[in-house]
Amino acid sequence: MNALNFINGVFVDATDGQTLTNLNPATGQTIGTIARSKDSDVEEAVKAAASAQEAWSSLDMLERATWLDRLADGLEARKEELAHRESRDTGKPLALARRVDAQRSIDNFRFFADFARNQEPEVFEMRDATNFVHRNPVGTVGLITPWNLPLYLLSWKVAPALLMGNTVVAKPSELTPLTANLMCEVASEIGLPSGVLNVVHGYGPEVGQAILDHPSIRAISFTGGTATGRHVAASAAPMFKKLSLELGGKNATIILDDADLDVAVNGALRAGFTNGGQVCLCGSRILVHASIAEKFTSKLIQLVDEMICGSPEDESTQIGALISQEHMEKVESYIQLGIEEGGNVLTGGTREMTGQVGPSPEGAFLRPTVIDGLQHTSRTATEEIFGPVVTIHRFESDEEAIEIANSTEYGLAGSIWSNDTDRAHKIAQKIQTGIVWVNTWLHRDLRTPFGGVKNSGLGREGGAWSLGFFSEPLNVCIKHD
Ligand code: TXE
């Protein structure tokens, strides 16, 4: 299955015909080729977007909302295919791709369509005048997205961007092109006007950079690593492009002494190892009150050891392959670093599939890993690993838990487990982050703000925040006669 570009409503090769190879990380097998786009491809996409802009932005927002519904319906009709493509492209379990990636991609379009229908006019009355706030489109916007939740995160940007009357030039990760193209196939099937949605594939420093540099692309919404985010900001800022950055995280799962142990252990397991820890919101640092640390840790290890690490197609698999051999080696280097920094690997850290002994050289499989005994200031406990690895740290007081939680360069998310929600709420308000869940994790109301502080990013996505980013407010003040 090859991934061509989708420009002006048709699937085309890169102008110079160059391609990349797309691998299935669970088998090491080639899935197909990917268009290796450059500046000239972005130029074509921008031209297509420009030609579609006037007609698209002149539609009423509610008319554009019906296009989002049609996209959702089209994805829903192909949900199983969507899940299979996502699982093959990423190595994640098929069951997870169905339950999370496919469902949320559909939900993203439906949510923003419904959200549009619940918008009130923005009018501000004065004694002698009335102010009308109109939300005009930004124009052509650039969306650059990562490999961990490919269509989930791309649709999270495409939906509000289209709703607000923008045209789109999107670049998915070169590691996971397939479901972006399924979305384009649906766009073509439903007759979405040509040029409204364009997808160009290829390497970040090539086609991604071309999107950053193109003067007609007036906003960049980026999700990815902090290092790349820094580069994206440096490229976009001098051109005064609007910028939204959702970057890395090193989130704390805080277990208070009054937590329900079973609830907390299961919550910490889910937060730590969902998608093999390859979610920016994962709880990769577990802070546990010293008085329950022993009991908590032994329960956690027992559950971790029971996790089924295997082939993605197997419905019982809970941990599939990581995104690539290279990424697996990066994660392994952090486990090694953890040992060098004085950590004690309580379980995991080996390459094996459940039921099959020994490394599976063709697949990027790594068992879920728990490291204890590290300083919370160590590199292993402060740098984003983005794999199935958690570190455990003890604390004696709420204040110490807050201090440890805030001791990294990141500030994206976190969770607190306690039977006293008032106490947890007070602690949550002192955590330097964008989201804190109490007695749950990744429980999402799409109207709420999603995003981080410090090196976790810039701006928020979700509900009104997305509509705000993908529009330019115009205030018209009319004096009463
Ligand atoms: O991210 P990149 P990658 C973290 C995680 C991971 C690290 C790198 O720690 O190990 O980031 O992952 C495009 N100009 N997260 O390699 O490089 C690139 O092609 C323009 C957290 O996926 O940031 C891809 O489409 N674009 C993150 C997108 O940027 C460029 C999820 C993201 O790639 C570019 C994934 C350039 N110069 C990784 N270089 C999260 N917050 O969820 C790359 N790109």
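Atoms within each ligand, like the ligands themselves, are counted from 1 in listed order.
- Comparing heavy-atom distances from atom 15 (N) of ligand 1 across A227, G225, G451, G249 singles out G225 as nearest.
- Ligand 1 has P172 within reach: a non-hydrogen atom of the residue lies less than 4.0 Å from it.
- By the 4.5 Å heavy-atom criterion applied to side chains, P177 and N22 are counted as neighbours.
- Counting only N and O atoms by type, the side chains of S40 and T15 include a donor and acceptor under 3.5 Å apart.
- In the displayed structure, E76 atom CD is contacted under 6.0 Å by more than 12 heavy atoms of other residues, nucleotides or ligands.
- For ligand 1, the polar-atom distance check against T145 finds a nitrogen or oxygen pair separated by under 3.5 Å.
- Within a 4.0 Å radius of atom 37 (N) of ligand 1, the protein contributes one or more non-hydrogen atoms.
- Summarising the contacts of atom 26 (N) of ligand 1 with S173, C282, G208, the nearest heavy atom is found in G208.
- The distance from the CG atom of L458 to the CZ atom of F222 is 12.5 Å, given to the nearest 0.5 Å.
- Of all protein heavy atoms, the one lying nearest to atom 13 (C) of ligand 1 is I144 CG2, 3.7 Å.
- For atom 31 (C) of ligand 1, the closest heavy atom belonging to the protein is N148 OD1, 3.3 Å.
- Scanning the protein for heavy atoms near atom 44 (N) of ligand 1, the closest one is G204 CA, 3.4 Å.
- Taking the six-membered ring where tryptophan is involved, the planes of W156 and F111 are tilted, since the angle between them lies from 30° to 60°.
- Within the 4.0 Å heavy-atom cutoff, H327 counts among the residues contacting ligand 1.
- Remark: R447 CZ is loosely packed, at most 12 non-hydrogen atoms of other residues, nucleotides or ligands lying under 6.0 Å away.
- Counting only heavy atoms from C-beta outward, the side chains of L94 and H84 approach each other to under 4.5 Å.
- Of all the atoms in ligand 1, the ones that sit under 4.0 Å from a non-hydrogen atom of L212 are 14 (N), 20 (C).
- Considering only non-hydrogen protein atoms, atom 29 (O) of ligand 1 sits nearest to F222 CE1, 3.2 Å.
- With values rounded to the nearest 0.5 angstrom, R351 atom CZ is found 12.0 Å from F365 atom CZ.
- Legend: side-chain hydrogen bond (donor to acceptor under 3.5 Å, both in side chains) pairs involving residues 91-106, not counting sequence neighbours, sorted by first then second residue: K79-Q103, E80-R98, K92-D101, K92-N275, R98-E315, Q103-D107, R104-N108, R104-Y152.
- In terms of protein heavy-atom proximity, atom 17 (O) of ligand 1 is closest to T228 OG1, 3.1 Å.
- With respect to atom 4 (C) of ligand 1, the closest heavy atom belonging to the protein is E384 OE1, 3.4 Å.
- Of all atoms in ligand 1, listed by their number and element, those nearer than 4.0 Å to a heavy atom of E246 are 41 (N).
- Some N or O of W147 is nearer than 3.5 Å to an N or O of ligand 1, by distance alone.
- Residue contacts with ligand 1, taken as heavy atom pairs separated by less than 4.0 Å, involve L247 solely via the backbone atoms N, CA, C and O.
- Close approach to P146 involves these atoms of ligand 1, each under 4.0 Å from a residue heavy atom: 31 (C), 35 (C).
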Could you please spell out the steps behind the side-chain contact (heavy atoms from CB on, under 4.5 Å) verdict for F470 and S221? CA-CA 9 Å; F470 285 114; S221 180; 4.0 Å; yes
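- Listed by number with element, the atoms of ligand 1 under 4.0 angstrom from any heavy atom of E174 are 18 (C), 19 (O).
- In this model, no donor atom of one side chain and acceptor atom of the other lie less than 3.5 Å apart for N455 and T226.
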Could you walk me through whether F273 and V390 pass side-chain contact (heavy atoms from CB on, under 4.5 Å), step by step? CA-CA 8 Å; F273 297 108; V390 300; 3.9 Å; yes
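- The shortest N or O to N or O distance between T226 and ligand 1 is not under 3.5 Å.
- At a distance under 4.0 Å, no protein heavy atom can be found next to atom 8 (C) of ligand 1.
- Counting atoms of ligand 1 from 1 in the listed order, those under 4.0 Å from a heavy atom of K330 are 6 (C), 9 (O), 10 (O).
- Side-chain atoms of T145 and T223 include no donor-acceptor pair closer than 3.5 Å.
- Distances between N or O atoms of L153 and those of ligand 1 include no value under 3.5 Å.
- Summary of contacts: the protein heavy atom closest to atom 40 (C) of ligand 1 is C280 CB, 3.5 Å.
- The two residues G229 and L245 have their closest heavy-atom pair at O-CD1, 4.0 Å.
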